[in-house]
Amino acid sequence: YRLTISIPAGADGVHFTVNDVVLQDVLPVGLAYVAGSFTLQPGSVTLGNTPTDFTDTGNTLSANFGTVTNRKTTSQMVIITYQARVENALTNQKGKSLANQATLSLTNPGTGNSFTTSPVSQSITVGEPHLVVVKDVTPKVAVQNGDTLTYTVTVANDGNTTAYETQLTDTLLPTLV
């Protein structure tokens, strides 16, 4: 995921500053945060706190930036990227949509008023691998004791995602060993 926060420019030579800036990202059930994948690019913005990772409480991710100041005369971007893993869960079936929502809360230092943005949402659709296994043997007919048989096992994935942690086991009959 990539979150971009636009920090407005100040007006009339005054820096733009907000306090108590906290990013909160709620992952849906079925996604899990990949610890340590958090990266922060503050650009030209001054951050009171520079988190090195999210605080993760269940599926709620938080990053506290404290006081945020833009000293430039143009809007500046703070970019946060991180990874989430689609969990191997019965509820994560092909075609299911998982919506991730993020909000930003802050306090206006001039008024003391707190504000939270409307949730910004981004969805993904779960895909699934579909493995097809075909086994062939040659020769197929007129085999006799002592003949050598050649088995060919072909595995193909005609699903729409990669099949991870896949293992194929082919157990031969004791009479074929």
Side-chain angles (χ1 to χ4, degrees), residues 1-11 14-131 157-167:
Y1 285 98
R2 177 184 167 117
L3 303 169
T4 303
I5 304 168
S6 178
I7 309 299
V14 177
H15 306 309
F16 178 85
T17 300
V18 287
N19 297 329
D20 308 320
V21 178
V22 176
L23 171 68
Q24 192 169 59
D25 193 329
V26 179
L27 294 175
V29 172
L31 286 182
Y33 172 61
V34 177
S37 66
F38 176 94
T39 63
L40 172 64
Q41 299 170 357
S44 298
V45 174
T46 303
L47 305 175
N49 297 323
T50 306
T52 58
D53 206 350
F54 280 119
T55 300
D56 184 0
T57 54
N59 276 20
T60 301
L61 309 175
S62 299
N64 183 343
F65 300 107
T67 299
V68 174
T69 302
N70 180 2
R71 291 177 164 72
K72 300 289 184 181
T73 56
T74 58
S75 294
Q76 298 296 306
M77 302 296 169
V78 175
I79 300 170
I80 296 108
T81 58
Y82 71 93
Q83 295 175 349
R85 182 184 65 255
V86 178
E87 294 182 305
N88 186 13
L90 186 57
T91 57
N92 279 348
Q93 298 297 315
K94 181 179 177 182
K96 180 175 181 173
S97 180
L98 299 173
N100 177 9
Q101 293 188 349
T103 59
L104 192 68
S105 61
L106 53 95
T107 302
N108 181 330
T111 64
N113 293 335
S114 294
F115 175 77
T116 300
T117 63
S118 297
V120 177
S121 184
Q122 201 55 250
S123 295
I124 61 156
T125 302
V126 175
E128 288 190 74
H130 181 258
L131 299 179
N157 178 4
D158 65 3
N160 58 2
T161 63
T162 302
Y164 293 99
E165 301 173 15
T166 303
Q167 183 177 8

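Note that the numbering runs from 1 along the sequence shown for the chain. Every heavy atom of this structure was used, including side-chain atoms; hydrogens, water molecules and symmetry mates were not. Since this is a predicted model, take the numbers as computed values, not measurements.
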Kindly give the heavy-atom pair with the smallest separation between [X] and [Y], and that separation in Å.
X: Pro8; Y: Phe16; result: O-CB, 3.2 Å
X: Leu23; Y: Ala102; result: CD1-CB, 4.4 Å
X: Val26; Y: Asn100; result: O-OD1, 3.1 Å
X: Pro42; Y: Leu47; result: CB-CD1, 3.8 Å
X: Ala163; Y: Leu131; result: CB-CD2, 3.9 Å
X: Glu128; Y: Thr161; result: C-OG1, 3.1 Å

Output all residues satisfying side chain to side chain contact (heavy atoms under 4.5 Å, CB included) with [X], sequence neighbours left out; order by chain, then residue number.
X: Thr4; answer: Arg2, Met77, Ile79
X: Thr111; answer: Asn108, Asn113
X: Asn59; answer: Leu27
X: Thr52; answer: none

Checklist entry - Any side-chain heavy atom of Leu106 sitting closer than 4.5 Å to one from Phe65? => result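 Leu106 vs Phe65: side chains apart.
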Next on the checklist: Any heavy-atom pair between the side chains of Ile124 and Leu31 that's under 4.5 Å?
Outcome noted: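 Side-chain contact under 4.5 Å: yes.
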Kindly compute the distance separating [atom1] ([X]) from [atom2] ([Y]), expressed to the nearest 0.5 Å.
X: Thr46; Y: Gln76; atom1: OG1; atom2: CD; value: 10.0 Å
X: Leu104; Y: Leu3; atom1: CG; atom2: CG; value: 10.0 Å
X: Gln101; Y: Gln122; atom1: CD; atom2: CD; value: 11.5 Å
X: Ser114; Y: Asn19; atom1: OG; atom2: CG; value: 10.0 Å
X: Leu61; Y: Thr57; atom1: CG; atom2: OG1; value: 8.0 Å

Item to check | Between Thr17 and Thr69: side-chain donor-acceptor atoms closer than 3.5 Å | outcome: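 Yes, because at least one side-chain N or O of Thr17 sits under 3.5 Å from a partner of the opposite role on Thr69.
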Qualifying residues under side-chain hydrogen bond (donor to acceptor under 3.5 Å, both in side chains), relative to [X], sequence neighbours excluded:
X: Asp20; result: Thr107
X: Thr39; result: Thr81
X: Asp53; result: Tyr33
X: His130; result: Asp158

Next on the checklist: For Phe38 together with Tyr82, are the ring centres under 6.0 Å from each other?
Outcome noted: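 Centroid distance Tyr82-Phe38: not below 6.0 Å, so no.
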What pairs of residues pass the ring-ring contact (aromatic ring centres under 6.0 Å, His included) test when at least one of them lies in [range], not counting sequence neighbours?
range: residues 89-113; result: none
range: residues 83-124; result: none
range: residues 83-112; result: none

Item to check | Of all pairs that satisfy side-chain hydrogen bond (donor to acceptor under 3.5 Å, both in side chains), the ones with a partner from residues 85-96, not counting sequence neighbours | outcome: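 Qualifying pairs: none.
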Next on the checklist: Pair Ile7, Val18 - check side-chain contact (heavy atoms from CB on, under 4.5 Å), show working.
Outcome noted: CA-CA 9 Å; Ile7 309 299; Val18 287; 5.9 Å; no
